[in-house]
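Okay, so here's the structure we're looking at.
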Amino acid sequence: MEVALELVNASFVLALLSWIIIDILKRRKHHNGSHSHSDVIPDFKHSVGGGGVRAFGAIVAIFNVIIFIFYLAFGFYDYWIHSFVSTKLVCSGVTWFLASLVSVLSKDRTFREGKRWPLVLVLWWVFSCILVSFSVVVYVVHHLNSKDLPYYLPEANIVDIASLPFLLLLCCCLPLAVNRNSDLQRPLLHKEDEIFSKDDDTAFASAGIWSQLTFRWLNPLFERGRVEKLELHHIPQVPDSEAADKASSLLEESLRKRKADSYLLPKAVARSIWKSLAVNAVFAGLNTIASYIGPFLITSFVNFLTEKHDGSSNRYGLVLAFIFFFSKTAESLTQRLWYFGAHRIGIRVRAALTVLIYKESLSTKFVCYSNGKITNLINIDAERIGDFFWHIHGVWLLPIQVLLALVILYRNMGAAPSFAAIFATILVMVSNTPLASRQKRLHSKIMEAKDARTKATSETLKSMRVLKLHSWEPTFLKKLLQLRETERNWLKKYLYTSSAVAFLFWASPTLVSVITFGVCILVKTPLTSGTVLSALATFRILQEPIYNLPELVSMIVQTKVSYDRIQEFLGEEVQRKFISEHGAKASNVAIEIEPGEYAWETDSKDIKKPTVKITDKLKILEGYKIAVCGSVGSGKSSLLCSILSEIPRISGAAIKVYGKKAYVPQRAWVQTGSIRENILFGKDMKKAFYEDVLEACALNQDTEMWDNKDMSVVGERGMNLSGGQKQRVQLARAVYSDSDIYILDDPFSAVDAHTGTHLFKKCLKGLLSQKTVIYATHQLEFLDAADIVLVMKEGLIVQSGKYEELIVDSNGELVRQMNAHRKSLDQVNQPQENDSLTGGLCQISQTEVIEEKHGEPNCNDKLFESSQEEETETGRVKWSVYSIFVAAAYKGALVPVIVLCQVLFQGLQMGSNYWIAWATEENRNVSREQLIGIFILLSGGSSIFILGRAVLLATIAVETAQRLFLGMIKSVFRAPISFFDSNPSSRILNRSSTDQSTLDTDIPYRLAGLAFALIQLFSIIILMSHVAWQIFLLFLAILSISFWYQNYYITTARELARMVGIRKAPILHHFSESITGATTIRCFGQEDRFMEKNLSLIDDYSRVAFHNSSTMEWLCVRINFLFNFVFFLVLVILVSLPRSAIDPSLAGLAATYGLNLNVLQAWVIWNLCNVENKMISVERVLQFSNIPSEAPLVIEDCRPKPDWPTKGTIELENLQVQYKPTLPVVLKGITCTFPGEKKIGVVGRTGSGKSTLIQALFRVVEPSGGRIIIDGVDISTIGLQDLRSRLGIIPQDPTLFQGTIRTNLDPLQEHTDQEIWEVLNKCHLVDIVRLDQRLLDAPVAEDGENWSVGQRQLVCLARVLLKKRRILVLDEATASIDTATDNVIQETIRKETCRCTVITVAHRIPTVIDNDLVLVLDNGMIVEYDKPKILLEDKSSWFSKLVAEFLRSSKSNHPKNLV
């Protein structure tokens, strides 16, 4: 042995000497070379490096020198005493001298240039540490036993013992010292921060085998997380193989190769990841084999303890202990690599599927999936498929595990008991199968219920403003709670079924052991404590496959369902039938419209006719302007969609479009981002052209008004822009695209007359004068400028031709509409005595744009910009979060009972195991009946307590989840509108779906699992300490180190876990936004840019998820090794103790339980960290459970009379409103009275305060001063429900809910069918409703997508007329309705509201010209308030100028035909 060690030492001497010579030669060569800039770089880097880091390098070198001095000093001492020095001391001394020299020479280079310590030096440290540690162990064993050891085993001397701490420190600190990318240069500036991230991106990819085994490549991230809060830019990029682009490309390629396969997706996924899956399978197999070595050898170990005598050798026991240690270490490492590999595969598959779903949803036209359902495909199905790769190897590992168990049992007990054990195992598995199938069925029901609730929640959140204005939020909350109750009932059944499964899991070792030992007694198989304990250890390992089989079956079924759902979606190829390859383009033809039929619902049997039917071929030449007009629901928008191929074609040839297209939808679609980003839409900035576009689209005045100009941020769905602003932004986007063909769907409806004229002249007749433009419009004054006018009625083009030709046909549809338009203008002309106003028109500045918006721009921009990033807590999850969670159900009364059940279960289980081991010893006089009887009694008792624990835990889980859900959802529904303006619906939805799911099925079991694992761990420590008290001290040291590691880990892991939750929301938000604007994105050809954005968001999420799981493995590797090492020391102590000092049965039991020690402690630490990570979901839910709420819905002491308001008189007394104390006052002391039963029109430029006035009336925003009195009641003294339910409003953006026509008109179910049909008739909706045979039960799609915008506005009008309120607010209620229908509707409103107070916020002058009073606001103050006739008499009045501008713009476009 000594010769071999000396040879190794000599090898190191040669290697170290060679390194020194080579290094000296390199330095000399470098010194002779020219001094370039690179000579300066090391000094610069050295100066940036932390002083602590340089000191660390010096300490490493000093340690080497100290160890050398030890050997030198002991050599002199040895020579002084014995007059000679041993060869060992000489070899070691020389090697340490050279090692010291190498460490000094390489210190500066290592820490200045970020390079590793020399490999030869590192190897010498590791070799020395292992050798000296072994020598010290041999020395300790020798002195404990007082016996001679074999001569060939090295024994430590005093130098070895003295140098051991230094060697251990060198090896422990090695990962911090050798990391190539360590943060030795602490970044001081942002640029250096970027350099850190850039360098660190390759940390995993460039990590060596040792680094990957121990996850050492994560050290820089932990170092950073320890000193500052982690942000996204601190997290290294995801490895290339897990990048969304690469993963999706592989999957798409695999899909293409398997196109003919009937079950395509799963095989394609498997093909794309088979290499990683195979490597992962190797680790899984090795882990399984290593886990069975312990039970296999435990018999030999217990027999050794039983049979050894005080004078016998311990060599065999030490060898067994070393094998145990080696197998447990191999088991730990392979398990960590297995789990890490599974997580990597999951991330890759999840990313690939998300990309495919996004790509399909963006490219697929007329898809029948709702926004919520597609979101669920990503949020739930893709996640579940990714998680399946944790379980996939269980399919083939299960038979191997059972086979290995059979081998061990057969070796120990013979054929009959081993086959009885396997039979019992199969029996438990079979009995578990119906429970698993029930679990699967219930899980499917939970998912269906969750889908329904998530969908309803999403729709409710998007429409919250409308719900609050109508005071419908209690009703919709009730519907949501009913959906949640359905979900809760399924959840309760699921969790109680899970309790039965958990009972079987914990009781299965007991059941199997009772049957096995019973058979042993029947067939008179001899039992020893060794065979019994080996069997118990085997049963405990078999527990996992018994439990995993039903879970595996359930997981396979759930994953298959998810695969089917995604494959069904990805298999939608309907749209491809409608996309034709256009042949050669005819000269100067832009569009060829072919005869054909189009319908939105191609499969519905209830639809009587197509939406659009084109009977004649039509060619549109380049540069032509095509106007499309018609009444509401005539098919104008559908015709435009047919040109874009966005509506299914059921017959005829495809419409051919030549050139780039731009599209402006009727319902404005703007992205979250700046105004400039929305206009550029991926194009490069051309400053001059950009300014022209802003001016042409009347946006330059708006941008000047905002603090950040065109860099002001647009909120979700453009919530902080007015309807007109959104329309003009998307028009600017289209104009800036510089396309060949422009398709504009009613672009002038949301703006006032002056702005409409400006857009028409500057855009259509200006910047787009040379372009082909097709525009649908209700503003008939814009028709005569068109080259061709298409008139639509009931889905048919009934007239087409030049305006002058069509206007001659007195019986034509166009003339009918023109007459209605003239009638509308006559209303404006009637109040005027003469035509002088039209002669001397007064020009109005472009700022005088009359638009209504939800909130003033100068306020809401600030509100929204301040909340773009989601707020997160920092630091540890507060104890208050834990206490609220634990006490949520029954005030925490059941928690002590559950803990007591676990303690009793653990105690009885250990007692039963000890009894069977003790009673089977040779010298025990215990009958077989007594042996098995007491064992059954103790085991049965433990099973009863585990059943009680499982049932009580399920009860607590259901109740806790429900209470926290109710707290959050009620708080959200009671939140003011400003909360929804500043929090995207996806952010709220994420808490309601993802976080709530974690609360429902995860957190209670994580928290309980932590408590149970701690009880198990402490019981094992107590058991081992009872065998040998020294073990307790070992555990104290190891637990201290473990908790130090955990604290070091948790600061980084906590922030990563928070980021995982936060980074998911942007993916869902981008997804939802893209699906909503898919038509626009496709038309502009921007799919690639949106795909890149999606890839970036997915990679951001993946990199956080990847490092979040990696950090867990980093911790587990270290903790596992520590406990494996302490298990090894425990075994060495048990081997070393004299026979008389220990009870072999108890020692064997301790060793048996010790086999699970590494798994158990990892489970404790993992749960400890994971509980905190998961508790972030509770923290996030509680964040939204304490939102400052609006005023009470009902104030019992101040309830108005049932018939209030009786007259509808509204008095404003010095009304002052500001959105926040830090923002300027919007309404500045308004005082006026709206008389009861009168019609009041409210006009004013953008930002004048019109919207704020209406919001103050509904108390959406509370006055900061003054008051509003309605019929003698101060509205601030009554409840919000009493106020809002007595008022009626039609908002500018018409909102419909998914459901039926009946539920949309009468959500509260207060009216009869007859009343509903009456209002439908008044609103001219009867014919439209009767088109569907289901009548009032006809379905309304999500957001009312199967109705035109005009039809939606009519439904909203019908909704309000059905309520019959004394006070009615019309927020430009007929903006998207043609003039003819508008005239009839206005007549209906006048007739139906003759005894009502009607406040009309108007864009169209005819809408307010016949009102009793007109209120003109400017800058939050009243400018004019009088009868329209009196205001018109004053030619200088503000209102006179508005009317004059309207008449000028209306008449100048076609004076011949209308005057």
Side-chain angles (χ1 to χ4, degrees), residues 722 752-754 827-828 831 844 847-853 856 1205 1207-1217 1225-1258 1260-1261 1263 1266-1271 1275 1287-1292 1366-1373 1386 1389-1390 1393 1396-1434 1436-1446:
S722 71
D752 65 286
H754 169 76
Q827 294 174 1
V828 180
I844 306 175
T847 56
E848 294 172 1
V849 174
I850 312 171
E851 292 178 9
E852 179 51 23
K853 65 186 292 300
E856 308 306 318
K1207 292 182 179 178
T1209 303
I1210 303 171
E1211 300 170 58
L1212 309 178
E1213 296 182 0
N1214 192 29
L1215 184 64
Q1216 299 172 40
V1217 174
V1225 177
V1226 181
L1227 295 184
K1228 303 167 183 176
I1230 289 180
T1231 301
C1232 66
T1233 300
F1234 297 164
E1237 302 180 5
K1238 298 290 183 184
K1239 310 289 184 289
I1240 297 96
V1242 181
V1243 294
R1245 68 181 63 173
T1246 301
S1248 60
K1250 306 186 302 298
S1251 166
T1252 307
L1253 178 61
I1254 301 305
Q1255 291 188 63
L1257 181 62
F1258 283 83
V1260 170
V1261 56
R1267 59 180 184 162
I1268 301 174
I1269 298 171
I1270 299 178
D1271 283 359
I1275 64 170
L1287 309 178
I1289 185 170
I1290 306 175
Q1292 185 179 0
R1366 282 284 181 187
I1367 297 174
L1368 180 61
V1369 177
L1370 305 179
D1371 186 355
E1372 194 51 36
Q1386 291 298 337
I1389 291 173
R1390 290 186 197 101
T1393 61
C1396 301
T1397 304
V1398 181
I1399 303 168
T1400 307
V1401 177
H1403 296 168
R1404 297 180 181 182
I1405 292 300
T1407 312
V1408 295
I1409 198 71
D1410 65 336
N1411 283 187
D1412 299 303
L1413 294 163
V1414 173
L1415 175 68
V1416 182
L1417 294 176
D1418 185 41
N1419 198 26
M1421 295 183 286
I1422 297 176
V1423 179
E1424 298 165 359
Y1425 181 46
D1426 213 328
K1427 294 178 180 178
K1429 187 175 180 179
I1430 295 172
L1431 292 176
L1432 288 171
E1433 288 172 358
D1434 181 1
S1436 62
S1437 73
W1438 205 90
F1439 187 64
S1440 293
K1441 294 176 183 179
L1442 286 178
V1443 174
E1445 176 61 21
F1446 171 76

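Position 1 is the first residue of the sequence, and the numbers go up from there. If you're wondering where the values come from, they're calculated on a predicted model, not measured in any experiment.
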Nearest-0.5 Å distance that lies between atom CD1 in I1275 and atom CZ in F1258: 9.5 Å
Distance-minimising heavy-atom pair for V1401 and K1250: CG1-CE, 4.0 Å
N1411: partners by side-chain contact (heavy atoms from CB on, under 4.5 Å), with sequence neighbours left out: K1239, T1400, V1408
Side-chain heavy-atom pair T1209, F1234 within 4.5 angstrom cut-off: no
Passing option when V1369 is tested against I1289, L1253, V1242 for side-chain contact (heavy atoms from CB on, under 4.5 Å): I1289
side-chain contact (heavy atoms from CB on, under 4.5 Å) partner of V1414, chosen from I1430, L1431, D1426: L1431
Taking every non-hydrogen atom, the tightest pair across V1423 and L1417: CG2-C, 4.1 Å
Approximate separation, where rounding is to 0.5 Å, of M1421 CE and L1227 CG: 11.0 Å
Nearest heavy-atom neighbours spanning G1229 and N1214: CA-OD1, 3.2 Å
I1269 vs E1213, side-chain contact (heavy atoms from CB on, under 4.5 Å): CA-CA, chis, key distance, verdict: CA-CA 8 Å; I1269 298 171; E1213 296 182 0; 3.4 Å; yes
Exercise: identify the closest heavy-atom pair between V1217 and P1263: CG2-CA, 4.1 Å
side-chain contact (heavy atoms from CB on, under 4.5 Å) evaluation trace for I1399 with L1257: CA-CA 11 Å; I1399 303 168; L1257 181 62; 3.9 Å; yes
For the student: nearest non-hydrogen atoms of V1416 and W1438, plus distance: CG1-CE3, 3.3 Å
Within-4.5 Å side-chain heavy-atom neighbours: D1412 and K1427: no
E1237 vs R1366 side-chain heavy atoms within contact, under 4.5 Å: yes
Heavy-atom side-chain contact between I1210 and I1268 under 4.5 Å: yes
Where G1236 and T1397 come nearest, the two heavy atoms and their spacing: CA-OG1, 3.4 Å
Straight-line distance of E1424 CD to S1437 OG, nearest 0.5 Å: 4.5 Å
K1207 NZ to I1270 CD1 distance, which is reported to the nearest 0.5 Å: 15.0 Å
Side-chain heavy-atom pair C1232, I1422 within 4.5 angstrom cut-off: yes
SG on C1396 to CG on L1368, rounded to 0.5 Å: 7.0 Å
